[in-house]
2 protein chains.
Amino acid sequence: MRKQKGNAAYIKNMNIKIVLDCIIEHEPISRSEISKRVMISKPTVSQLVNHLIVEGFVYETGMGNSTTTGGRKPVQLCFNPKTSYLIGVDIGGSKVASGITDLKGRVYSYREFATQEFLDEGLFKRLHTDIEEMLTELKLTTKNVLGIGVGVAGVTDIEKGVVINAPALAWQNCPIREKLSTYFELPIFVDNDVNISVLGEHWIGAGVDKTNIIYISIGTGIGSGIILNGNLYRGSNYSAGEFGYQVTDRQMARNFNPVVEGFGFLESMSGGISIGQQLSEKIKKQVTAKEAFEMADNGDENAQEVIQFAIENLGLGISNYISLFDPEIIILGGGISGSYPIFKDQLDEIIKKFTPRKCEVIPAKLGKEAGVIGACALLLKEYDSIYTI
Amino acid sequence: MRKQKGNAAYIKNMNIKIVLDCIIEHEPISRSEISKRVMISKPTVSQLVNHLIVEGFVYETGMGNSTTTGGRKPVQLCFNPKTSYLIGVDIGGSKVASGITDLKGRVYSYREFATQEFLDEGLFKRLHTDIEEMLTELKLTTKNVLGIGVGVAGVTDIEKGVVINAPALAWQNCPIREKLSTYFELPIFVDNDVNISVLGEHWIGAGVDKTNIIYISIGTGIGSGIILNGNLYRGSNYSAGEFGYQVTDRQMARNFNPVVEGFGFLESMSGGISIGQQLSEKIKKQVTAKEAFEMADNGDENAQEVIQFAIENLGLGISNYISLFDPEIIILGGGISGSYPIFKDQLDEIIKKFTPRKCEVIPAKLGKEAGVIGACALLLKEYDSIYTI
DNA sequence: AGTTAATAAGTAAACCTTACAAACTAATTA
DNA sequence: TAATTAGTTTGTAAGGTTTACTTATTAACT
């Protein structure tokens, strides 16, 4: 079908969402005030609110105060974030995290296990056990759950729910949704891990109230997720935001060979693995990127040189990103972003020099549970329930 | 207001657009077939079609054939692109072009004059004269015109209709909409010239049926326009797509000073002005970019070197663009794109080497009238009439 | 203190718009 | 003449709005 046609049910669904959004944003709020704010007549608002109360999304909470000019006291309405719970899963190269949140993104339970131990076999079974345990712990059944959101470290076909290619997991064309639906009779949504990270930050993290957001993850590799006009932008082949492939140095690019097969140019200059390798070669001793940052901070000249080089390229890449997207904000996440204070100044200077207008760069706000929260955000974004973000 | 509320009028408006789109795409078509295609009931389709006929958007054109299994002959319906006419204006650094098109983008009349002659005074008056002449020529009045679309070579606040900054015209905070509305009582929409170019190519040019398009204009300077998910992406400050600011060479960037004030790095490497200057300096003789390309094509080594350098940087910039946006197609426009066959191979090779997946690169399809057509596309896109693109 | 006017919240009833289903008329083929 | 398709008529359901009402409250006036 080309386009959604309109009918009565469609407009009711539309208006009930407007009313619910208004309640969430301004709770506690009365029917009357909703009517004024969203410009829908009082009787209609009342009817929609009743609907929301029956569904459990909203409840009445006593009376408010009348104005000084007199008049009946308003009945206050509040949003109930525990109408439904959300299951979020983050399948990364090192660990598989899962958790259960309410509709406001509060995490009530969290579990994780090492990916590698279950990669060959039993990963989904183990995941199922973890989730069942958490549900029991919280005294919930699948009836109380809206669905499952999943983030995977790889390019994902979100329509089919298939991971097209995930080097970190050695997966190709893995039908995640299908596999999970043998364990759960719930709606399941799958997307790339960087994409769910932006969604999470947009929902309750560093990107709240922003509409154009770039999230850059700098870990072993480099990737990014993009929110434009409030919605995830995925590109024509689910592979927008391949920030690791930026080329920032024409001369080095000429005889460029990836550090790791499948790594892009910028990844090979500024990624975690690359930083570790560069310094290791220089000092003939095996070190990690994190150690490199520490050494640099402690004044080691070799380390400083490597970091400086990596950040210079990263900074140019980010400058280019800003010039093309004109985002409101750049959020830095991933392992390396923990060392943000160390390289902040150098980065800012480069960005200032090469972009036509400045753009705020800040570190990610969500911590360990970011993946789970993001996966839940994906679910709320994609699943067509009354409450959508 | 936060969000469009739904009511009866809203859904009628929605459905009538679906019906009209269906007619345009499949004309000639019968009421009955529309009903089947768009899944709207026969009575409703009939009612909406009648509405469209009264408004003039659609007319009946005889009977079609019945099927071999019998049945009444269908009444065929066609779209009438001459219900309304569109006025398009393109205000560039060298010329101001204006024209009148129908709803399918056919240009019925076209005028242009030199910008510089009227920049200090009387530009809008001259424009008004041109448009009035064309209207008379076509025996039209403003009653027959939907509105005016305007493209300007500068950063534009499309809500306010104000050109924030246009170096090519030496304009700052120029309230174009306001100025034009003293001459015309019509809806007026203003946007950046590259933005209207993509809109035009998307409408009836090289980007028809694509949803993610990057349009790169390489002329004196370098700029780009972006269509994502079928809509123009403008960024947070109306300045997305500043492709001229890409940095593709870390080492040269270190001591970079713009060729022309306000020029970005890539513009200084690969823009038309820059190519001309680079070669001129090399051979101690004043030449233009166009001449440089011709010389290169005729085997001049100095010219080839300059071009090769420019294209190398351009190619890296385009590669970066593709990695970040994953577009379906890149459209090359602007003066230099006329020399596309000369540099195509080198460009393709670079893109292939540095992007994770390939992306079609093709030259723009619309010629001299591109600006006017694009401006009309802007009007159709922004103006909320029954027929929208 | 008691009464009254003004004001505000929320609901009920009647009505409007739109879409749809079912039944109908019209026109055509085999 | 039966079957089939196009298009319309008629009545109904779903949703939102308007108007008028009830309920509840404050403030001002007796």
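None of the values given here were measured: they were computed from a predicted structure. Throughout, a chain's letter reflects where its sequence line sits, starting with A, and its residues are numbered from 1.
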Touch class at under 4.0 angstrom, heavy-atom based, for B/V75 against every strand present: sugar-phosphate

Given C/dT11, D/dA6, D/dT17, the nucleotide with the shortest approach to the side chain of B/K36: D/dA6

Side chain of B/P74 - closest among C/dT18, C/dG10, D/dG7: D/dG7

A/D102 side chain to A/R106 backbone, donor-acceptor under 3.5 Å: yes

Separation of C/dC20 P from A/Y10 OH (nearest whole Å): 14 Å

A/N15 side-chain N/O to B/G6 backbone N/O, donor-acceptor pair under 3.5 Å: yes

Gap between atoms NZ and C1', on A/K5 and C/dT18 respectively (whole Å): 13 Å

Residue whose closest nucleotide on DNA chain D lies nearer the 5' end, B/G6 versus B/S46: B/S46

Contacts of type ring-ring contact (aromatic ring centres under 6.0 Å, His included), residue B/Y183, not counting sequence neighbours: B/H128

Residues which pass salt bridge (charged side-chain N to carboxylate O under 4.0 Å, His left out) with B/D326, listed by chain and number, not counting sequence neighbours: none

Atom-to-atom span, CD1 of B/I53 to P of D/dT8 - whole angstrom: 9 Å

Residue B/A8, side-chain atoms from C-beta onward, closest of D/dT8, C/dT17, C/dC20: C/dT17

Under-4.0 Å side-chain N/O to phosphate OP1/OP2 contact, B/N15 with C/dA19: yes

Rounded distance in Å - CD1 (B/I11) to P (D/dT17): 13 Å

Value in whole Å for how far the P atom of C/dT11 lies from CG of A/L48: 12 Å

Sugar-phosphate or base contact per nucleotide [nucleotides 19-30 of chain D; S, B, -; heavy atom under 4.0 Å]: ----BBBSS---

Distance in angstrom units between B/E60 CD and D/dA6 P, rounded: 15 Å

Aromatic ring pairing A/F79/A/Y387, orientation class (parallel under 30°, perpendicular over 60°, tilted between): tilted

Sugar-phosphate, base or nothing in reach of A/S41, heavy atoms under 4.0 Å: base

Of the listed nucleotides D/dT8, D/dG16, C/dA19, the one nearest the side chain of B/K12: C/dA19

A/S35 side chain to A/I40 backbone, donor-acceptor under 3.5 Å: yes

Interatomic distance where CE belongs to B/M39 and C1' belongs to C/dA19 [whole Å]: 15 Å

Sugar-phosphate only, base, or nothing, as touched by A/T44 at under 4.0 Å among non-hydrogen atoms: base

Backbone of B/Q47 reached by a side-chain donor or acceptor of B/N50 within 3.5 Å: no

Value in whole Å for how far the P atom of D/dA6 lies from CG of B/L77: 12 Å

